[in-house]
Amino acid sequence: MPKNPNGGSTTPPDLPASAVDGDTAAPPESGNPGGRRSGSTSSSASSSGDTRAADTVASSADGESAPHSNGHAGGSGHAIGARKKQFVIAPRHQTEALQTLGFQPLQFDALEQALRNSNDIEVVDKVGPRSVLSALSDGSGSSQGVLVARMTEQKAAALHQQGQGRLLVERDQHLALMDPSLRLPAMVTGVTPTNGGGPVLNAVISVVGKDGAPQANAEVSLFGSMLPASGVTDANGRVTLSLFGETPDTVRGLYVKPKADYWSFYQSDPDISSDEPNVVALRALSDWPALAGFPRQRCYGWGQKAMRLDQLPGNYRGQGVKIAIIDSGAATSHDNLHGIRAGFDVLNKKTNPDGWNQDTLGHGTHCAGVIAAADIASGIRGFAPDAEVHACKLFPGGQVSQLIDALEYCIDKQIDVVNLSLGGAEVSEALEQQIIRAKRAGVACIVAAGNSGGPVQYPASSPNVLAVSAIGKLDEFPADSYHAQTLDANVDANGYFTAKFSCFGPQVGVCAPGVAITSCVPPNNFAAWDGTSMATPHVTGLAALTMAHHPDFQTAQYQARGPERVERLFQIIRASAHRVSLGDQSRTGFGLPDVLLAVGLQSQAARPAMQPQQMMGPMVAPLVAPMIAPLMATPMMAQAPVYDPFAFDVARTHLGNFGMQWPHLHVGQFPIPKPYNPIMW
């Protein structure tokens, strides 16, 4: 290798010398012939390559001129141009390959200071270890945290380029809760009717409950052949919707989602009148036979019974386990959730970090009910009512940087199991590094697969988490409810089916009940919702019971926090599962976990064999039972409900499509990533 013309090491310099002075980034400023921005930090000849890299990255980004907008204000008003965006900036974990090339770890503190000195870059937050204990909890002590900064895309690109593979610069993408879309996109087109042309259908929808009581705040949607119309009912239970370019004969669907305590309603090809109010009479949750007397009388949800929680001895309650629910908060005003006493409002951590018990969306409260609703005389019973639950508020509006912050909270508080009923549109390597760090600290992340009906979304596609898909069951919801729209053709002899909205792929670990799941909503009510968001808490609750009561976790080997403990937990959950539905395994993974097997009270061999009519819907049983009874008598079919998880290709499950999308980062291995755009334009 030729000698460095500036003297010093013969290893490749951290950055081009011209970039150190900013010559290649921007023309010299007036009064500054050297081209260096006034106030920027420069390096001397004796400075280390690490500091030089930090200075160069910042000066290059700061010197980049903003693009000229081709919009014109015409002398007045605001000219439209690209706004600054929020980015996550983190040091890429050092790899053997980078060390071989002579690259040294980036001095992140120096980079932070240089960015804070920049006029055009605003550092809005820094997320890092909360204590010495959390810094050392993963055994590496190497976490330098991440920066969150606002800048232009051009500056972000320059920052990433000058980092030479040692720096991650990613768009701080917004995350979404894993609820299925209720807009039926297949039913509408993107055509916008021309103003003043064509018909307009004005319809008044009146939503009532028991004894004709008006239902306020119910979501109502009308679907035609073009754009849908949606609204929320007023105090009188009414809403007026207008469909442009439609007539009563072209309306294709009416959907009503009540705020609480009632079943949803869906009618295809509804008979809509434009001359008088259209009345929708909802049925109460308690009118359903399985929920008779609810909520005055306590009950188990159908999903909990499908996983045999109702057969678990009363002293198995998740004692000693810490669970975190990273979601929209948890309404402790609910009678079933008074036991939740800890949390962290990530969204408002600087102004109101204790606002985690205010849940405007109800989503986190619903998840919390499935996981840990108190075992009292009314409402529902959660999987682990005696576990210590922490509610981390991330929604509405959560972003990747805030999820990293929430996971930092989990590491610091030594959380055992984390429920993540959320996802993003893109993979984040910065988030993956934090998930790995959490796993090394003994934090098990259980993640919703997604509700797009397509491939598994991130972070469920990570090999370092357990991804959960959703299934439903016949006769657990009214035929005129929206839940019926989730049904697909993969219905097995016991009435289980893969939910139409659920994401699929080789990354799916297990499936769980995610259709018509009744749980808590604020302030002290109940609602039946769908989604992989609802399936994931079933597995999180089961995981808490497993960690609290399975004999393996009473031994020194698995009491110690670490990745082996997390992997053993995932292995036990997968081994407890059995096949359900007629769908392929990419939709259900190892199958539906069983509580009694997961806590070690039974083995797979002792699990009762399923009968064709057992829990089968009355519509299906008479038709299907005669056909499957002879087959169930054969040895092959008799073994069908019992699935041997160790025959499944775990490596392919974890790394199949994931490795195609981005580097398969996992514990103990950090290769140089395959080419992809980390800035995620």
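What you see is a predicted model, and the numbers here were worked out from it, not measured in a lab. Below, all heavy atoms of this structure are taken into account, side chains as well, without hydrogens, waters or symmetry copies.
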Counting only heavy atoms not in Lys259, do more than 12 fall under 6.0 Å of its NZ? no

In this structure, are over 12 heavy atoms from other groups packed under 6.0 Å from Lys126 atom NZ? yes

Will you find, in the side chains of [X] and [Y], an N or O donor that is under 3.5 Å from an N or O acceptor?
X: Ser273; Y: Asn278; value: no
X: Ser462; Y: Glu432; value: yes
X: Asn202; Y: Ser274; value: no
X: His363; Y: Ser421; value: no

Aromatic plane relationship, His366 with Trp529 - under 30° parallel, 30 to 60° tilted, over 60° perpendicular: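 The arrangement is parallel - the two ring planes meet at less than 30°.
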
Worked verdict on Val220 versus Val280 for side-chain contact (heavy atoms from CB on, under 4.5 Å): CA-CA 10 Å; Val220 183; Val280 176; over 6 Å; no

pair [X]-[Y]: side-chain heavy atoms closer than 4.5 Å:
X: Leu254; Y: Phe265; value: yes
X: Phe87; Y: Met151; value: yes
X: Leu403; Y: Leu420; value: yes
X: Asn357; Y: Ile340; value: no

Nearest non-hydrogen partners of Ile325 and Cys367, listed with the distance: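 Closest pair (atom of Ile325, atom of Cys367, distance): CG2-CB, 4.3 Å.
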
Checking side-chain contact (heavy atoms from CB on, under 4.5 Å) for the pair Arg150/Val124: CA distance, chi angles, key distance, verdict? CA-CA 7 Å; Arg150 293 183 59 81; Val124 297; 4.1 Å; yes

Checking side-chain contact (heavy atoms from CB on, under 4.5 Å) for the pair Phe501/Met178: CA distance, chi angles, key distance, verdict? CA-CA 10 Å; Phe501 57 78; Met178 289 305 182; over 6 Å; no

Given Tyr409 and Ile326, is the side-chain contact (heavy atoms from CB on, under 4.5 Å) satisfied, shown in steps? CA-CA 10 Å; Tyr409 172 92; Ile326 301 179; over 6 Å; no

Intermediate values then yes/no, side-chain hydrogen bond (donor to acceptor under 3.5 Å, both in side chains), Asp109 and Gln113: CA-CA 6 Å; Asp109 289 342; Gln113 189 58 49; over 6 Å; no

